[in-house]
Protein chains: 2
Amino acid sequence: MKDVAEAAGVALKTVSRVVNGETTVAPETLGRVQAAIDRLGYRRNEGARQLRQGRSQAIGLVVRDIADPFFAAIGKAVETRAEEDDLVVMIGSSHDDPARERDVALGFTARRPNALILAPIAKRQDYLLPDISDGLAVCAVDRPAQGIACDAVLSDNAVGIRLAVEHLLKQGHRRIGYLGDDPAVFTARERVTAFRAVMAEHGVPVDEHEVRLGSPSPEFVTSVMRTMLDESDPVTALITGNNRITLEVLKRHPSLPAALVAFDDLELAELLRPGLTVVAQDPEAIGRTAMSLLSDRLAEPLREPREIRVPVRLIPRGSGETLLR
Amino acid sequence: MKDVAEAAGVALKTVSRVVNGETTVAPETLGRVQAAIDRLGYRRNEGARQLRQGRSQAIGLVVRDIADPFFAAIGKAVETRAEEDDLVVMIGSSHDDPARERDVALGFTARRPNALILAPIAKRQDYLLPDISDGLAVCAVDRPAQGIACDAVLSDNAVGIRLAVEHLLKQGHRRIGYLGDDPAVFTARERVTAFRAVMAEHGVPVDEHEVRLGSPSPEFVTSVMRTMLDESDPVTALITGNNRITLEVLKRHPSLPAALVAFDDLELAELLRPGLTVVAQDPEAIGRTAMSLLSDRLAEPLREPREIRVPVRLIPRGSGETLLR
DNA sequence: CGCCGAGAAGATAACGTTGTCACCCGTGAC
DNA sequence: GTCACGGGTGACAACGTTATCTTCTCGGCG
């Protein structure tokens, strides 16, 4: 900036004014400065700017795994919105490790981003309190945060499960198995709770042997599937609570002897035979919504935290519409 | 840092020494300073550090689309490596738009990252020249960059096509169709060139009507498939040159009357029936390798640019092992 | 006993911006 | 002719670090 000022024969401050598009610069001066900027290939040092202004025009995004299509889609939406405001997106994965979530998040906040979006894993996110009181806007996605007051954008798990259950009930299924993730996971709890509630609402009894929760390991899924399908009175339909479980189920049983509705879409779901009937979440909407909440909060830091539920929809493709036996 | 110094009764510089783990601090002083840091919840302002040191301990990653599993996997590998060195990853998508590639990349370099990884789209990347001579390390992935001297990490497209072709030839196929992306795309050119070369090497004539390149639109794929499959002497095997094309083909023809080998793996490829035979790239290796090249280059900025080819492998799953008719 | 060197700590000046204030000059009102 | 005003510009300090140089205090050695 100093060099540009010298080349254009103006003061440093005038160059700053030009770079920031301030209007109080005479057209003739502006032209000279612009020319000097172009000639010297000058570009503002964002780090210095951040130091002066306090915020780095960046947003941090901490997800479970950026290679997971669900989170990759959130990332895409966030990035698209961020670019409109000339914000840079820093992205990192927690890999389901609470300590890593914290390290990655704090690594981001040390760069003083305007906002932080995170998919919480740890029990509490109170390590963010100092940054929040320092003006950081925070939004949780996929699961709510604990120990801090912040906005949250979640899928409408309850409605999703309702869609799945009622879809199966409508076809006459009465023995519906539910296979969900570890109850330590918030979404797993929400979904299985909804499952029980909707079944009860329709007066359909639930056999406790047919509601099974656990981490989606091959062993767990295999053993659970055996008990659900091989018993004397097997289930006629199955709901899988997330896509890692769905994948395990499909790998073990390419042609499942029961109807299947999966929570979470899969990329090639329509190419399978039968096509996979899913409750699809809308990760792009989650990312977009999070960005909207954050820009509201940056405009009005003290507003009440909001929790927004993003709609899900049922996509019938075959696997959930057959096999009543 | 000033507050911490005051609280610990030492000078600013001593706090700096502690924060940076310098060894010339008396154990007793170190204890006092650490205590003050913890008590005040102090964390270093990375922006100020960057300003002083010139580099922001970040790396920029510009891909075509972070929601594309191939690039998401590259991102994951990059992030994993970056975290080991306490580097932050800024990620952005060009969406195949040269102007956007440039804007995103320059938006990153304005933050003075240590290194930039990009999947080039634009004809030339010479807009990076000022930053490179300023010490930025650059590495191209997926395709080489033009107009700048930089490292590159690419899939071994030629070997991949060779594997595909020879796999089909070994089963007796002689009429093999090739369906590739727009020849404006570097990888598309490399792959189709390899196809012709390997076919020639084996003395198998190639009918020019059966080598078709174009953007993977439904219309293009549908029309091309018709001519390849419906003519009097149809192809008995098909190679698709990237996964968007593969997807279109599979959507049109769930049960293809020809053997199929696809370049690029798909998430559920093994669950399809028949399973999809693919030439799988190794995006994680691409990301890791790029990071290695960059750390070499940061250590030795003037070394010769290197181009590394990452091995690919053929995964037979059924679609490429049948249907000779 | 004086000196030197090493180990520990501090003072100060940058790094590249932007916010604040001050200045200059011409114009229009009184 | 004076004054207030505002558009255009500049000087300077500050943001939070770190690099460089300096200072101080010991202990050991000639």
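Each chain gets a letter, A, B and so on, in the order its sequence line appears, and its residues count up from 1.
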Taking only heavy atoms on the protein side, list every residue of residues 28-39 of chain A lying under 4.0 Å from any atom of DNA chain D, sorted numerically. A/Thr29

Does B/Lys2 pair with B/Glu6 as a salt bridge, N-O distance under 4.0 Å? no

Do A/Ile121 and A/Asp97 have side chains that get closer than 4.5 Å, going by heavy atoms? no

Let me check the geometry of the helix from C/dC1-D/dG30 to C/dC30-D/dG1. What is the bend angle between the axes at its two ends, five pairs each, to 10°? 60°

To the nearest Å, how far apart are B/Gln50 CD and D/dC15 P? 18 Å

Spell out, as yes or no, whether a donor-acceptor pair under 3.5 Å connects the side chain of B/Arg189 to the backbone of B/Ala184. yes

Polar side-chain atom of A/Arg297 near backbone of A/Asp151 as donor-acceptor pair, under 3.5 Å: no

Determine whether A/Ile91 and B/Glu79 make a side-chain contact, defined as any pair of heavy atoms from C-beta on separated by less than 4.5 Å. no

Does A/Arg306 pair with A/Glu304 as a salt bridge, N-O distance under 4.0 Å? no

For the pair B/Arg43 and A/Asp131, evaluate salt bridge (Lys or Arg N to Asp or Glu O under 4.0 Å) and give the outcome as yes or no after the intermediate values. CA-CA 10 Å; B/Arg43 271 170 320 113; A/Asp131 287 294; 2.5 Å; yes

So, A/Arg309 and A/Glu190, do they make that salt bridge, N to O below 4.0 Å? yes

Do the non-hydrogen side-chain atoms of B/Asn20 and B/Arg44 ever get within less than 4.5 Å of each other? yes

Look at the side chain of A/Gln125 and the backbone N and O of A/Gln146, then say whether any donor-acceptor pair between them is shorter than 3.5 Å. yes

Determine, for nucleotides 13-23 of chain C in 5'-to-3' order, which nucleotides have protein heavy atoms under 4.0 Å from the base (write B), from only the sugar-phosphate (write S), or from neither (write -). BBBBBBBB---

Establish, with yes or no, whether the OP1 or OP2 oxygen of D/dG10 is under 4.0 angstrom from a side-chain nitrogen or oxygen of A/Thr14. yes

